[in-house]
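Just so it is clear: chains get the letters A, B, ... in the order the sequence lines come, proteins before strands, and each one is counted from 1.
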Amino acid sequence: MRMKRLPKDFYEQPTLELARSLLGHYLVHQHPTGEIIAKIVETEAYLGAIDRAAHSFGGRRTNRTEVMFGLPGHVYTYQMHTHTLLNVVSGPVGTPEAVLIRAVEPIQGQALIDQHRPGLKPVDQTNGPGKLTKALGITMDLYGHSLQHEPLFIVEGEAVTDVEAGPRVGIPNTGEARDYPYRFFERTNPYVSKYR
DNA sequence: CTGAAGATGCCCT
DNA sequence: GGGCATCTTCAGT
């Protein structure tokens with residue numbers, strides 16, 4: 001398999017374009033017990049200061065959001081109840097934007113995924129932001145990690161043509177921001193998270 | 001220090 | 001369709 005790592009400047013495009021562009025590329029996690037590769041099939045953009053749904057809305061700068069103010073192409077992980085969620089930091093330094101990875105399709109390392117999420121239909125192992133981090137073994141340890149390095153990075157994958165955009169998921173109390181079409185997904189891909 | 005809230009998912013009815 | 005698990009963060013005392 002061709003494994004061309006996405007260059008630093010890939011992450012420098014505007015956040016909405018980045019969210020769209022990430023679809024089809026392969027997320028690689030070199031887990032201690034083996035390598036897992038999965039194709040990104042669903043993303044959401046969070047536009048920082050001007051986006052009420054973003055943690056960094058209004059320029060809110062805390063320990064948690066700090067990494068979003070830094071270089072694009074780094075990892076913003078955070079905990080949602082019992083789950084870790086994975087974001088890619090976007091926007092130039094000082095502009096706290098990010099792209100949430102919402103769903104992936106396994107390409108390699110199925111045995112490991114089965115180990116992390118046993119007894120489930122394949123589709124149910126990675127069709128959600130909390131599910132995929134568990135399946136790939138991604139934890140809060142990766143907060144601030146650069147995607148230019150091991151053990152977590154993104155390589156060039158496949159072109160995706162049937163992209164659909166729609167409202168983001170799970171942000172009911174964010175006023176106007178609730179309806180912004182900042183969610184992107186491969187329309188025909190069965191691993192896209194279902195609802196909405 | 002305490003408590004409330006949350007970009008979720010799973011299990012129950 | 002509703003309740004709840006279970007963790008971290010952050011604002012308020």
note: A/Lys134, atom NZ; B/dC10, atom C1'; distance rounded to Å ~ 11 Å

A/His55 NE2 to C/dA11 P, in whole Å, measures 13 Å

Item checked: Stacking check A/Tyr46 vs B/dA7 (5.5 Å / 30 deg) -> yes

Under a 4.0 Å N-O cut-off, is there an ion pair linking A/Arg52 with A/Glu176? no

In whole angstroms, the gap separating C1' of C/dT8 from CG of A/Asp141 amounts to 14 Å

Checklist line | Worked verdict on A/Asp162 versus A/Thr188 for side-chain hydrogen bond (donor to acceptor under 3.5 Å, both in side chains) | finding: CA-CA 7 Å; A/Asp162 58 336; A/Thr188 56; 2.7 Å; yes

### Query
Is there aromatic stacking of A/His81 against B/dT8, centre distance under 5.5 Å, plane angle under 30°?
yes

Quick note, A/Ile171 side chain, CB onward, closest among B/dG9, C/dT6, B/dA7 is B/dA7

Here the distance between atom C1' of C/dT6 and atom CG of A/Leu85, to the nearest Å, is 15 Å

Tightest non-hydrogen contact, residues A/Ala103 and A/Tyr191, listed as CB-O, 3.3 Å

Side-chain atoms of A/Tyr78 come closest, of B/dA7, B/dC10, B/dT8, to B/dA7

Residues of residues 109-125 of chain A with a heavy atom under 4.0 Å from any atom of DNA chain B, listed by number, are A/Arg117

The reported gap from OG in A/Ser146 to CZ in A/Phe153 (rounded to nearest 0.5 angstrom) is 11.5 Å

What's A/Arg61 touching, base or sugar-phosphate or nothing? Going by heavy atoms closer than 4.0 Å. nothing

Test side chain to side chain donor-acceptor pair (under 3.5 Å), reference A/Tyr26, set A/Lys39, A/Glu158, A/Glu105, A/Gln108, output is A/Glu158

Are the side chain of A/His145 and the backbone of A/Leu152 linked by a donor-acceptor contact shorter than 3.5 Å? yes

Query raised in the report: Does A/Arg102 make a cation-pi contact with A/Phe185, if we ask for NZ or CZ under 6.0 Å from the ring centre and within 45° of the axis?
Result: no

#### Entry: Sugar-phosphate only, base, or nothing, as touched by A/Asn87 at under 4.0 Å among non-hydrogen atoms
base

Taken to the nearest whole Å, CE/A/Met80 to C1'/B/dA4 is 13 Å

When rounded to whole Å, the CE to C1' distance for the pair A/Met140 and C/dT9 reads 9 Å

Side-chain N,O (A/Arg178) to OP1/OP2 (B/dA7) below 4.0 Å: no

Closest to the side chain of A/Val169, out of B/dA7, B/dC10, B/dT8, is B/dT8

Would you please confirm or rule out a distance under 4.0 Å between OP1 or OP2 of B/dA7 and any side-chain N or O of A/Arg64? no

Under 4.0 Å, counting only non-hydrogen atoms across every strand here, what does A/Gln79 touch: a base, just sugar-phosphate, or nothing?
base

